[in-house]
> 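This is the structure I have questions about; it appears just below.
Computed over heavy atoms, backbone and side chain alike; hydrogens, waters and symmetry mates excluded. The chains referred to below are lettered A, B, ... by the order of the sequence lines, with proteins before strands, and numbering in each begins at 1.
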Protein chains: 2
Amino acid sequence: MPPTLKDVAERAGVSRAAVSRTFTDGASVSLKMRRKVEKAATELGYSPNALASSLTTGRTKLIGLVSNNFHNPIFLEVFDLFTRGLQERGLRPLLVNLSDETDPANSIRMLRQYSVDGVVVASSTLPPGFAKAFRDAGVPVVHSFGRYASSPEVHVVGIDNAECGRMAARELIRRGYRDVAFLGGPESATSTQDRFRGFMEELAQHPEISVRHSFAEAYSFNAGRKEMLALLKHKPAEAYFCGDDVLSIGALSAIADSGLKVPGDIGIIGLNDMEMAGWENINLTTIRQPISQIIASSIELIVSMLENPDRYPEARLFPCKVIERGTLRPVD
Amino acid sequence: MPPTLKDVAERAGVSRAAVSRTFTDGASVSLKMRRKVEKAATELGYSPNALASSLTTGRTKLIGLVSNNFHNPIFLEVFDLFTRGLQERGLRPLLVNLSDETDPANSIRMLRQYSVDGVVVASSTLPPGFAKAFRDAGVPVVHSFGRYASSPEVHVVGIDNAECGRMAARELIRRGYRDVAFLGGPESATSTQDRFRGFMEELAQHPEISVRHSFAEAYSFNAGRKEMLALLKHKPAEAYFCGDDVLSIGALSAIADSGLKVPGDIGIIGLNDMEMAGWENINLTTIRQPISQIIASSIELIVSMLENPDRYPEARLFPCKVIERGTLRPVD
DNA sequence: TTCCATTTTGCAACCGGTTGCAAAATGGAA
DNA sequence: TTCCATTTTGCAACCGGTTGCAAAATGGAA
């Protein structure tokens with residue numbers, strides 16, 4: 001059993017309150033007392049029990065990190081940045097893997113049982129209602145990569161997916177493609193819906209360009225590959241805006257198998273700019289989502305909610321931009 | 001503020017002990033009492049505070065998941081499997097990102113402050129001493145993907161890396177390569193050292209085959225690419241055993257850039273068989289490490305240590321096998 | 001109905017901390 | 001040295017639960 005406050009107090013010959021005070025900053029302790037206590041504490045190898053103290057302070061410094069994107073390589077970057085960012089601020093990530101669960105009830109109950117100080121929902125597929133359920137349960141929440149709404153009910157940090165759809169459309173038009181298509185992620189994902197909407201909106205202004213669309217089953221390599229293999233059976237479009245990078249890479253592999261060339265025969269533009277997109281044997285033209293800014297901002301926001309839980313909800317959107325690599329033909 | 005035991009007790013008109021008992025299984029409560037309490041609890045939306053109860057039970061159901069491999073895509077699979085496996089058993093993963101920290105002291109202090117019931121160290125690069133420090137601090141620990149020692153001091157679950165090195169060597173020999181090399185991960189990683197040792201051991205029995213070796217700076221795409229680019233400046237070997245898959249993919253990209261063909265001009269064999277290795281545009285011949293078995297076994301082991309913390313340390317090693325794809329030339 | 005073994009319940013102390021309040025200690029001014 | 005404002009300290013109650021023990025309730029047998 002690790003030593004407790006009481007053990008330290010006895011060894012130092014002082015009250016338990018005194019020991020507690022030397023370990024909570026801002027508390028009133030004389031230098032002499034502090035030294036005595038610290039000596040006893042180091043001798044015993046004492047460090048305060050964060051959970052016991054949370055009982056009275058009402059703060060656990062635990063942050064729930066909830067996600068359902070454990071198959072998209074970009075989420076490794078996301079977890080890396082979140083865990084490091086939280087740790088730097090003395091917060092601890094309690095990871096929740098939703099798998100296919102889309103009902104927030106279980107997560108909410110669990111995270112409340114552990115008295116988390118706040119929750120970050122990191123997902124581009126869950127609907128706004130998911131995060132809202134946390135807010136309704138009185139848990140401070142930030143939805144990272146979530147859907148932007150003009151009057152957000154919870155804090156959202158991410159990108160304007162519809163604008164990304166428009167941006168992709170403009171890029172394809174600019175490069176002279178006249179027969180384009182959207183190869184989306186799962187139709188139920190908010191990010192898919194928004195990217196699709198923006199893409200179609202922009203193309204609606206160019207009636208001379210033909211557009212089609214289809215959806216993959218997931219944001220994954222296999223789903224992208226499978227869908228593209230199906231598309232290749234009939235006459236494919238000249239260029240595709242794929243739901244995200246991993247989907248794009250799946251599509252690229254299908255195209256390579258078919259003997260067609262990218263960008264000679266078919267153009268592909270992705271979204272995310274995950275590390276892998278820049279790998280020389282992938283070299284994907286894509287739209288960069290500023291992951292690290294989004295995460296830094298999300299952390300800042302959840303931290304500020306710990307101070308002020310009733311902070312008025314806001315949407316923080318970060319601009320994206322096209323990263324030109326080798327999967328779209330050059331502008332002529 | 002969420003409702004507490006006291007609120008439920010008052011509403012149900014019973015003692016706090018009675019409420020506590022209806023929420024701890026195995027406790028003595030009459031059916032009538034249980035109904036009364038459950039009614040009050042649901043009306044108030046009560047669920048017990050796990051941290052408060054941990055104070056007396058001595059169990060938090062928190063498991064520290066410590067890793068430093070946030071840049072290797074295979075670790076997304078690792079985190080997925082660990083979080084799901086732990087959740088299924090009612091345990092909660094508290095994620096610790098070591099970044100470049102290799103001193104366990106901070107992690108130990110932090111995880112003890114949160115009274116974790118146990119710790120899983122998931123890393124193929126940290127030395128055995130890292131996990132041992134947890135054990136010495138009285139924290140049940142399992143080192144997944146760690147170095148196997150003939151007399152382990154802590155539980156280790158993983159593979160025999162030296163045997164994998166031998167296996168890679170045998171595979172290259174079998175395919176008639178006579179000028180081979182080891183392109184390792186960072187030299188400080190235990191997995192690199194062991195794979196290297198095994199590889200050299202096997203080749204020592206074939207003096208007619210020339211062998212060389214070098215090390216990349218990290219288990220990452222860029223490091224693999226950079227090292228292979230350097231190797232290509234002089235006459236490269238006929239075939240390389242790369243430290244792991246992501247390193248292999250980096251090497252493949254360098255080779256592609258140079259105009260050489262795989263497997264025509266150079267052969268590559270990796271290790272891990274991460275999902276990406278099977279992607280058709282990568283199609284990497286590699287040695288499969290049975291990730292999900294390793295993780296299932298690690299979880300089983302840490303769970304059993306919760307019951308019996310003094311369980312005699314054991315090493316659990318899982319066999320690996322060559323997965324033949326397209327980056328080694330066929331046996332003639 | 002009475003008796004007694006068994007089950008259920010509540011009391012009160014405890015887990016490891018924090019904190020308001022009053023008492024004790026400190027230290028500078030007169 | 002005395003006095004008093006300020007700082008430091010300890011007491012005791014509390015945070016939200018659990019649990020040993022004894023008392024109360026239950027229920028079957030006589």
> Do B/Ser47 and A/Arg109 have side-chain atoms, one donor and one acceptor, less than 3.5 Å apart?
no

> Of the nucleotides C/dG17, C/dT19, D/dG17, which has the atom closest to the A/Thr57 side chain?
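The listed nucleotide nearest to A/Thr57's side chain is C/dT19.
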
> Any donor and acceptor pair, going by atom type alone, linking the side chain of A/Gln87 with main-chain N or O of B/Asn97 inside 3.5 Å?
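Checking the backbone N and O of B/Asn97 against the side chain of A/Gln87, a donor-acceptor pair under 3.5 Å is found.
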
> OP1 or OP2 of D/dC11 sitting under 4.0 Å from any side-chain N/O of A/Ser15?
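No, outside the criterion.
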
> Only distances under 3.5 Å count here; give the side-chain donor-acceptor pairs of residues 28-37 of chain A to other protein atoms, sequence neighbours excluded, each with its distance to 0.1 Å.
from: A/Ser30; atom 1: OG; to: A/Met33; atom 2: N; distance (Å): 3.2
from: A/Arg34; atom 1: NH1; to: A/Thr22; atom 2: O; distance (Å): 3.4

> Does a nitrogen or oxygen in the side chain of A/Ser28 sit under 4.0 Å from OP1 or OP2 of D/dT8?
yes

> Would you say C/dG16 has OP1 or OP2 under 4.0 Å from some side-chain N or O of A/Ser53?
no

> Does OP1 or OP2 of D/dG16 have a side-chain N or O of A/Tyr114 closer than 4.0 Å?
no

> Between A/Ser191 and A/Tyr219, do the side chains contain an N or O donor and an N or O acceptor separated by less than 3.5 Å?
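There is such a pair (donor and acceptor under 3.5 Å, judged by atom type) between the side chains of A/Ser191 and A/Tyr219.
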
> Report the nucleotide, chosen from C/dG10, D/dT19, C/dG17, that has the shortest atom-to-atom distance to any side-chain atom of A/Thr56.
C/dG17

> Under the 3.5 Å rule, do the base of D/dG17 and the side chain of B/Arg21 count as making a donor-acceptor pair?
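No.
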
> Pick the nucleotide of DNA chain D nearest each of B/Leu51 and B/Ala17; which residue has the one closer to the 5' end?
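In this pair, the answer is B/Leu51.
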
> Would you indicate which nucleotide in C/dT8, D/dG17, D/dT18 comes nearest to any side-chain atom of B/Ser30?
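Closest nucleotide to the B/Ser30 side chain: C/dT8.
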
> Nearest to the side chain of A/Thr4, which nucleotide is it out of D/dG17, C/dG16, D/dT9?
C/dG16

> Quick check: any donor-acceptor pair below 3.5 Å linking the side-chain of B/Arg16 to the base of C/dG10?
no

